Amino acid sequence: MIVLGIETSCDDTSVALVTDKGDILANEISSQIDVHSSFGGVVPELAARAHLENIDVTYRLAMQKSGVSIDDIFAIAATCGPGLIGGVIVGATFGKTISAFSGKPFYAVNHLEGHALSARLGNEKIEFPYLLLLVSGGHCLICIVKGPRSFEVLGQTLDDSVGEAFDKVAKMLGLGYPGGPAIQEYAQDGDPFRFDLPKPLYKKQGCNMSFSGLKTAVRLIVEKHENFNINDLCASFQRVVSELLFQKCEFALECCNNNGINISSIVVGGGVAANTEIRAGLSILAKKYRKEFFAPSLKLCTDNAAMIAWSAIERIKNGDTGNPISFRPKPRWMLGE
Ligand code: KG4
Ligand code: ZN
């Protein structure tokens, strides 16, 4: 069984073909970094226009690379939210159109479900339920994934997402967009304990998080100090973000233990899951709690259509027959809603 996936919720136009065995036949990604980098963040109107320009060629490339034809495809899956609505509409409409003319079922996929299940793409031995840390440019939450469409959110950010914090700090430091990879690179040569940055909600029980105070603290350092070492600041920021995430995951693990929820493993997903310090720390935490740790490959961490196709495949395997073509794209759409 082959599913066609389409992803256009932020700044990557992506089309993929994935089999029910988890083989990725194609996963074409047309990045818009050049469009948005001079603005230091994604400009929604420009993103929507770029998706419209790129979707057709990205689709053709994916079909060509995979060598499959429309007849070989079992279903079409497109991100229908949450995200920047102009882009979401482009991808959803493209998918619905293919579904309408081919007569294949349409799956309206929640982008967060895509990230939440991405580690299982090619690694179905990751058993439900598992603890998920979802850290992307638009979202930051901790939840128990009980099944392909069954999630229990334990906590989330009360303000900025982690990716947003990385991007905004990078913008302050003039490191360009996206900020995460740049900060990680600068942090490599820095002293992570040079700056004593605040850790909002660190000691507070529960899994809610906050990053805006941390971001403001970095801004104050940038404004106050003329000659600060940029590597040290990146390393200190990355350390504090990581410690905040680890602490909240530890609370989540304790919450599972106290409530008799036997999770199989700790899984991370979303663009920030590409961060090596965060991956390494989660792996250590998993060992401490005698759990396994899984992270998607780097290409499956950031936005891509393979995870969208896979999310539909998980639903199909669960007996889900899809959504009507009238499904309304949603700018906001929480996991499990
Ligand atoms: O999941 P994603 O591609 O898009 C959304 O769904 O939002 O995540 C993009 C975010 C950006 O904020 C980017 O700076 C961040 O992921 N990111 C990273 C790294 N690679 C990407 N953050 C920290 N370290 C990285 N290596
Ligand atoms: Zn994403």
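The shown structure was predicted, so the numbers you read here are calculated from the model rather than taken from an experiment. Remember, it's 1-based here, ligands and their atoms both numbered in the order they're listed. Numbering of residues begins at 1 and proceeds along the displayed sequence.
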- Taking heavy atoms and a distance under 4.0 Å, where does H115 meet ligand 1: side chain, backbone, both or neither? side chain
Under 4.0 Å from a heavy atom of [X]: give me the atoms of ligand 1 that qualify, with their elements.
{"X": "G179", "value": "14 (O)"}
{"X": "T302", "value": "3 (O)"}
{"X": "G138", "value": "7 (O)"}

Is [X] close to ligand 1, meaning an N/O of one under 3.5 Å from an N/O of the other?
{"X": "H111", "result": "yes"}
{"X": "G163", "result": "yes"}
{"X": "F166", "result": "no"}
{"X": "D167", "result": "yes"}
{"X": "G271", "result": "yes"}
{"X": "D12", "result": "no"}

- What do the steps show when you test Y59 against F94 for ring-ring contact (aromatic ring centres under 6.0 Å, His included), and what is the final call? CA-CA 10 Å; Y59 165 74; F94 196 83; 5.4 Å; yes
- Note on the structure: Result, protein N, O or S atoms below 2.8 Å from the Zn ion (ligand 2), excl. waters, equals 3
Do [X] and [Y] pair up side chain to side chain, a donor and an acceptor below 3.5 Å, judged on atom types alone?
{"X": "Y289", "Y": "N257", "answer": "no"}
{"X": "D160", "Y": "S212", "answer": "no"}
{"X": "E28", "Y": "S30", "answer": "no"}

Nearest protein heavy-atom contact for [atom]: which residue, which atom, what distance?
{"atom": "atom 4 (O) of ligand 1", "value": "D303 OD2, 3.0 Å"}
{"atom": "atom 10 (C) of ligand 1", "value": "G137 N, 3.5 Å"}
{"atom": "atom 23 (C) of ligand 1", "value": "G180 CA, 3.4 Å"}

